[in-house]
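What follows is one structure encoded as structure tokens, with my remarks underneath.
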Amino acid sequence: MRMVDIIEKKRNGEELTQEEISFFVQGYTNGEIPDYQVSALMMAIYFNDMTERERADLTMAMVHSGDQIDLTQIEGIKVDKHSTGGVGDTTTLSLAAMVAACGVPVAKMSGRGLGHTGGTIDKLEAIEGFHVELSNDQFVKQVNDIKMAVIGQSGNLTPADKKLYALRDVTGTVSSIPLIASSIMSKKIAAGADAIVLDVKTGDGAFMKTLEDSEALARAMVKIGNNVGRKTMAIISDMSQPLGYAIGNALEVKEAIDTLKGQGPKDLEELCYTLGSQMIVLGGKANTLEEAKRMLEEAVANGKALEVFKKFIEAQGGDPTVVDDPTRLPQAKYKIEVASKHSGYISKMEADDIGIAAMLLGAGRATKESTIDLSVGLVLQKKVGDAIDIGETLVTIHTNNLDIENVIQKIYAHIEISEDKVEAPQLIKGIITE
Ligand code: URA
Ligand code: CA
């Protein structure tokens, strides 16, 4: 087989065979096929798309390019959740404990944050002593014992995806639906999921800015999952404004704990219940979404979800007393209130720019090498649709230094206040099951 023939075939709009797809994925991973040929193929795919069959084959070729996590020793159906990334998205922490309390095993591998979006692993490290590395045996045992474990990316999973993503990043071929969908799904499948619930974000702070693009990505991923034997569904959720109130690592852990106590922000709670109901049904612990939602509400009301979260922290070496006393989480030295300059209704809180403001404080990474300050961040005091008076606090900045003029400027520039009443945006924009 020759790479040039594969490139020409895709350039001419033809369908590649499974053998051809495996050939270029393996050859590229091994270093036998050069960047320039794979770049040309990625561009041909960008313009000529891939059929459903090609997308499924590309996904599985990437899964087979490296190790796969074996979760077969964990009892029950392993349902994974994936979010395409947002600002202030604390969902995983609360959701995992809620679902685990309802009997669905959560064996989760999570990532770190980059740019304006945060990562679950960084948030967990805000808990003193918490470690995100477990051996495979410890990981399996912990999930069997307490139904929940969250670890950082480990092992040599989907090396083909790592190389292809880095290449796409510098060749103008990131924003291709078949390439994004296969990239995300390959990682979930290699991490051992039996079933997958996707939270595809849409809006200003999301990877996909329009509802149309978000739906297309969601549909593509759901099709791939179902075509390779993993039950998969997606919800589309709003990311035009940050999720919840807190943006920053320790601040978001506190928000997750509040949510497990039934005292969290309404939008975060709604998202946890929506995703959690789907996970419980896919995990075979309830027959209907209504029944699953009742189970989740009960696990919060009777404290079981909070109890699982405590045990999870303890099992991974963290200080479980933060659950009862969140002031034991890292605290920033200063709390600066940013006051509204107008009276009216919040009409816009641009998620991406507010995420960048939190990053400038040190809550996020500008580059992969940046170090972060786990204690700092922003706490919104209002959300879109809320009324506000002039002089009332809009945002509280948690910071360790007072050189924050740029952060304050960004907050004022990207929060809009209108005189007319504004409706809060709908959080769940769609559900895609096939
Ligand atoms: N996120 C991924 O994991 N892969 C892509 O291709 C794009 C976003
Ligand atoms: Ca913006």
Side-chain angles (χ1 to χ4, degrees), residues 21 24-25 28-29 35 38-39 41-47 49-50 54-63 65-66 68-69 80-87 89 91-92 108-121 152-193 196-210 213-225 228 230 232 234 236-237 239 351-352 355 364-365 367-368:
I21 290 170
F24 91 76
V25 171
Y28 189 48
T29 313
D35 283 347
V38 180
S39 307
L41 179 63
M42 291 296 114
M43 193 57 87
I45 292 172
Y46 181 93
F47 282 112
D49 207 342
M50 288 183 120
E54 288 178 295
R55 295 172 183 198
D57 287 343
L58 175 58
T59 303
M60 292 315 289
M62 293 200 288
V63 169
S65 71
Q68 284 176 257
I69 309 276
D80 203 354
K81 188 275 293 186
H82 178 79
S83 150
T84 58
V87 176
D89 185 2
T91 314
T92 294
K108 190 151 182 57
M109 200 177 260
S110 281
R112 294 188 184 277
L114 184 61
H116 68 280
T117 62
T120 297
I121 290 301
Q153 254 111 32
S154 68
N156 181 34
L157 296 198
T158 59
D161 174 63
K162 286 196 187 78
K163 261 189 109 166
L164 284 170
Y165 192 75
L167 183 72
R168 285 165 55 212
D169 204 22
V170 293
T171 56
T173 51
V174 167
S175 58
S176 150
I177 296 270
L179 296 178
I180 300 169
S182 55
S183 164
I184 294 174
M185 292 303 287
S186 70
K187 287 178 280 223
K188 292 287 112 183
I189 292 165
I196 301 159
V197 171
L198 300 161
D199 178 12
V200 179
K201 306 287 189 188
T202 193
D204 193 68
F207 191 63
M208 291 288 169
K209 311 280 181 210
T210 69
D213 286 348
S214 306
E215 276 174 358
L217 177 60
R219 243 177 256 291
M221 292 193 287
V222 168
K223 275 261 188 296
I224 289 174
V228 303
R230 267 66 165 194
T232 304
I236 316 268
S237 73
M239 193 31 79
D352 55 351
R365 290 185 185 81
T367 70
K368 275 185 193 146

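The structure presented is a predicted model; accordingly, all values stated were derived computationally and were not measured. Ligands are counted one by one from 1 in listed order, and the atoms in each one are counted from 1 as well.
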Original post:
Considering only the protein, which heavy-atom contact is closest to atom 4 (N) of ligand 1, and what is its distance?
Top reply: S183 OG, 2.6 Å
**OP:** Would you confirm whether K209, through its side chain, and D204, through its main-chain N or O, come within 3.5 Å as a donor-acceptor pair?
**Re:** yes
Original post:
To which protein heavy atom is atom 7 (C) of ligand 1 closest, and what is the distance rounded to 0.1 Å?
Top reply: Y165 CE1, 3.3 Å
Original post:
Does T158 use its side chain to pair, donor to acceptor, with the backbone of A160 at less than 3.5 Å?
Top reply: no
Original post:
Do D89 and K201 sit within salt-bridge range, that is, some charged N less than 4.0 Å from a carboxylate O?
Top reply: yes
**OP:** Measure the distances from the heavy atoms of V174 to every atom of ligand 1 and state whether one is below 4.0 angstrom.
**Re:** no
**OP:** Report the nearest protein non-hydrogen atom to atom 1 (N) of ligand 1: residue, atom name, distance rounded to 0.1 Å.
**Re:** I184 CG1, 4.0 Å
Subject >> Within-cut-off N or O pair, K187 and ligand 1, under 3.5 Å >> reply: yes
Subject >> Sub-3.5 Å N/O-N/O distance, R168 and ligand 1 >> reply: yes
**OP:** Run the numbers for me: atoms of ligand 1, each under 4.0 Å from some heavy atom of F207, listed by number.
**Re:** 7 (C), 8 (C)
Original post:
Ignoring hydrogens and geometry, is there a side-chain-to-backbone donor-acceptor pair from T202 to S237 under 3.5 Å?
Top reply: no
Original post:
Can you find a side-chain donor-acceptor pair between K163 and T29 that sits under 3.5 Å?
Top reply: no
**OP:** Could you tell me whether a side-chain N or O of R168 sits under 3.5 Å from a main-chain N or O of T173, the two making a donor and an acceptor?
**Re:** yes
